[in-house]
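Naming convention: chains lettered A, B, ... in sequence-line order (proteins, then strands); numbering from 1 in each chain. Predicted model, so just to flag it, every value in this text is computed and none were measured.
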Protein chains: 2
Amino acid sequence: MTEPTGRRERKKAQTRQSLADAALELFLERGYDQVGVKDVADRADVSVTTLFKHFSGKEALVFDEDDDQEAALVAAVRERTPGQSIPQALREHLLLGQSRFAVHAADPRFADFTRMVQETPALRDYAHRMWTRHEAALARAIAEAVGAPEDDVSCAALARFALESRSLIQRHPEPRRAADEAFALLEHGWAASHPAG
Amino acid sequence: MTEPTGRRERKKAQTRQSLADAALELFLERGYDQVGVKDVADRADVSVTTLFKHFSGKEALVFDEDDDQEAALVAAVRERTPGQSIPQALREHLLLGQSRFAVHAADPRFADFTRMVQETPALRDYAHRMWTRHEAALARAIAEAVGAPEDDVSCAALARFALESRSLIQRHPEPRRAADEAFALLEHGWAASHPAG
DNA sequence: GCCGAAAGTGTAGTCGTTGCACTTATTGAG
DNA sequence: CTCAATAAGTGCAACGACTACACTTTCGGC
């Protein structure tokens with residue numbers, strides 16, 4: 001699967017990993033804002049210049065570059081089980097990620113990590129950005145799925161709202177229930193549950 | 001109405017205004033990223049230190065601190081015309097701001113300004129932040145209006161989605177139509193307009 | 001008139017980030 | 001095997017946003 005890479009690429013990957021590890025340790029130890037990129041580079045025994053050759057910025061040190069998240073999102077729409085609505089498919093996709101989450105939730109390291117991300121504005125924002133980056137692709141996928149024009153506003157809105165739901169769900173103590181409510185709103189509308197106003 | 005200010009406060013306001021003016025001119029002239037805070041301070045004939053006593057950061061130089069936007073948002077929900085739904089009230093509130101927009105759209109200066117904001121990531125993000133900052137207050141207002149618990153997820157979701165709609169609407173060539181579609185989705189749900197998926 | 005508060009100044013510093021010129025190691029081709 | 005191209009890594013100097021500090025000036029209330 002992950003094959004015959006030369007010594008060069010191996011060393012490169014190793015350096016990258018050292019940096020990521022050093023960053024995570026230090027950030028968890030002292031807190032993100034209390035750690036300088038110099039500290040991270042030092043612990044990884046690497047120069048600051050090298051650090052920035054591997055990561056686009058300080059925040060990127062703690063997030064994996066997941067190029068396939070976009071593909072997974074699009075697939076969730078395109079290959080949803082027949083008869084299932086798009087909002088429902090997206091809700092399930094989100095909960096899947098959420099549960100992959102819960103698996104590791106036992107590991108206290110992981111819990112501390114997500115806590116730190118949520119409490120550090122720079123990291124919170126960065127994570128949100130990485131996630132909502134796929135809005136355009138998702139909007140296109142939805143439009144294609146229902147045969148709407150590529151720039152249809154409803155589709156763009158659904159894409160935006162669905163992606164925004166993630167942080168809504170994540171900060172809730174009971175993610176599944178939160179997801180159900182948020183996506184019920186998207187699916188059936190405000191009027192359905194609040195006829196009064 | 002807003003008078004009896006001493007010479008002190010007048011000078012302070014004047015300094016602030018000089019800075020805002022200098023910043024706007026320079027940013028429109030050369031582009032946001034091509035201008036340093038030093039340049040702005042120099043043109044306003046003020047030290048950099050003073051600049052930061054008046055503005056929390058470089059981005060804040062071009063935005064008015066509107067403390068009443070939150071109040072207006074809450075009022076739009078609380079004092080909506082009887083029989084009007086909350087999403088509709090919010091749609092109208094957004095379009096009102098949008099039209100106050102259109103009034104000035106004739107001024108080419110203003111058009112250039114908004115173009116610059118949309119094209120400069122730092123400013124786009126800052127504006128978005130300033131706007132969505134009122135999410136919690138809006139969510140509370142909605143919850144109160146329908147008699148739901150203060151932390152109700154549907155209300156929080158509606159607040160988030162309504163606020164997010166703004167940028168969706170703003171980037172659309174036909175704002176009114178975009179607003180209608182986005183808020184129709186919120187009001188009646190995806191299923192209402194897309195029974196197929 | 002006096003005194004404290006508040007506006008403004010200059011300097012020096014931190015921190016993230018980049019550019020540059022350089023060394024070193026790996027690789028592929030002849 | 002050799003050599004040159006390439007890419008990783010280094011150290012230094014710099015830039016730009018921003019802050020801390022110690023200081024001067026200027027109002028405004030008593």
Side-chain angles (χ1 to χ4, degrees), chain A residues 3-24 26-27 29-63 65 116 120-127 129-130, chain B residues 3-24 26-27 29-63 65 120-127 129:
Chain A
E3 321 83 53
T5 79
R7 188 210 251 57
R8 196 118 120 193
E9 312 197 18
R10 236 179 300 133
K11 286 217 95 177
K12 182 174 178 176
Q14 184 182 325
T15 302
R16 186 189 169 84
Q17 193 58 42
S18 299
L19 282 164
D21 291 348
L24 190 58
L26 285 171
F27 292 164
E29 247 173 55
R30 296 186 226 157
Y32 180 79
D33 292 315
Q34 287 19 270
V35 177
V37 294
K38 179 95 192 320
D39 302 330
V40 176
D42 282 353
R43 177 169 299 200
D45 200 31
V46 153
S47 77
V48 176
T49 311
T50 298
L51 185 154
F52 282 109
K53 286 247 177 67
H54 283 274
F55 296 92
S56 58
K58 190 184 176 188
E59 305 107 6
L61 281 162
V62 289
F63 293 105
E65 319 268 10
M116 178 186 73
T120 308
L123 292 179
R124 205 179 20 59
D125 289 3
Y126 184 83
R129 280 246 261 282
M130 288 298 97
Chain B
E3 292 94 71
T5 79
R7 186 206 252 60
R8 196 120 132 194
E9 313 197 16
R10 237 177 301 133
K11 286 219 95 179
K12 180 174 179 177
Q14 184 182 325
T15 301
R16 187 190 168 82
Q17 193 59 42
S18 299
L19 282 164
D21 291 347
L24 191 58
L26 285 171
F27 291 165
E29 247 173 55
R30 296 186 226 158
Y32 181 79
D33 293 315
Q34 287 18 271
V35 177
V37 294
K38 178 95 192 316
D39 302 329
V40 176
D42 282 353
R43 176 169 299 199
D45 201 31
V46 151
S47 77
V48 176
T49 312
T50 298
L51 185 153
F52 283 110
K53 286 246 176 69
H54 283 274
F55 296 91
S56 57
K58 190 185 176 187
E59 304 106 359
L61 281 163
V62 289
F63 293 105
E65 318 267 9
T120 309
L123 292 179
R124 205 180 19 61
D125 289 3
Y126 184 82
R129 282 246 262 279

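Summarising the geometry, the separation between CZ on B/Arg7 and C1' on C/dA5 is reported as 17 Å, rounded to the nearest angstrom. Summarising the geometry, the separation between CG on A/Leu51 and P on D/dT10 is reported as 11 Å, rounded to the nearest angstrom. Here the C1' atom of nucleotide C/dT17 and the NZ atom of A/Lys38 are 15 Å apart, to the nearest Å. Taking atom NZ of residue A/Lys58 and atom P of nucleotide C/dG16, one finds them 4 Å apart after rounding to whole Å. Between B/Leu19 atom CG and D/dC18 atom P the separation is 14 Å, expressed in whole Å. The distance between atom CZ of A/Arg10 and atom C1' of D/dA7, rounded to the nearest whole Å, is 16 Å. Between the P atom of D/dA17 and the CZ atom of B/Phe55 lies a distance of 15 Å, rounded to the nearest Å. The CZ-C1' distance, from A/Phe27 to C/dC15, rounds to 13 Å in whole Å.
Within 3.5 Å, a donor on the side chain of A/Thr49 pairs with an acceptor on the base of D/dG11, or the reverse.
With D/dG28, C/dA7, D/dA8 as the candidates, the nucleotide lying closest to the side chain of B/Lys12 is C/dA7. Listed nucleotides: D/dC18, D/dG9, C/dT17. Nearest to the side chain of A/His54: D/dG9. Distances were taken from every side-chain heavy atom of A/Arg8 (C-beta onward) to each of C/dT17, C/dA7, C/dA25; the shortest belongs to C/dA25.
Between B/Tyr32 and B/Lys11, the one whose closest nucleotide on DNA chain D sits nearer the 5' end is B/Tyr32. Residues A/Asp45 and B/Asp33 both approach DNA chain D. Their nearest nucleotides, taken by heavy-atom distance, put A/Asp45 toward the 5′ side. Nearest-nucleotide mapping onto DNA chain C: of B/Ser47 and A/Phe52, the residue sitting toward the 5' end is B/Ser47.
In the displayed structure, B/Asp45 atom CG is contacted under 6.0 Å by at most 12 heavy atoms of other residues, nucleotides or ligands. Residue A/Arg129 qualifies as open at atom CZ: its count of foreign heavy atoms under 6.0 Å is 12 or below.
Within 4.0 Å of A/Val48, counting heavy atoms only, lies at least one base atom of the nucleic acid. B/Val40 comes within contact range of no nucleotide atom at all, as no heavy-atom separation falls under 4.0 Å. A/Lys53 comes within 4.0 angstrom of a base, heavy atoms only.
With hydrogens and angles left out, the side-chain atoms of A/Thr15 and A/Ser18 include no donor and acceptor closer than 3.5 Å.
In terms of heavy-atom proximity, A/Met116 sits nearest to A/Tyr32 at SD-N, 4.3 Å.
A salt bridge is defined here as a Lys NZ or Arg NE, NH1 or NH2 lying under 4.0 Å from an Asp or Glu carboxylate O, and B/Asp21 with B/Arg43 fails to meet this definition.
Contact between the side-chain N/O atoms of B/Thr50 and the OP1/OP2 oxygens of C/dT9 is found at a separation under 4.0 Å.
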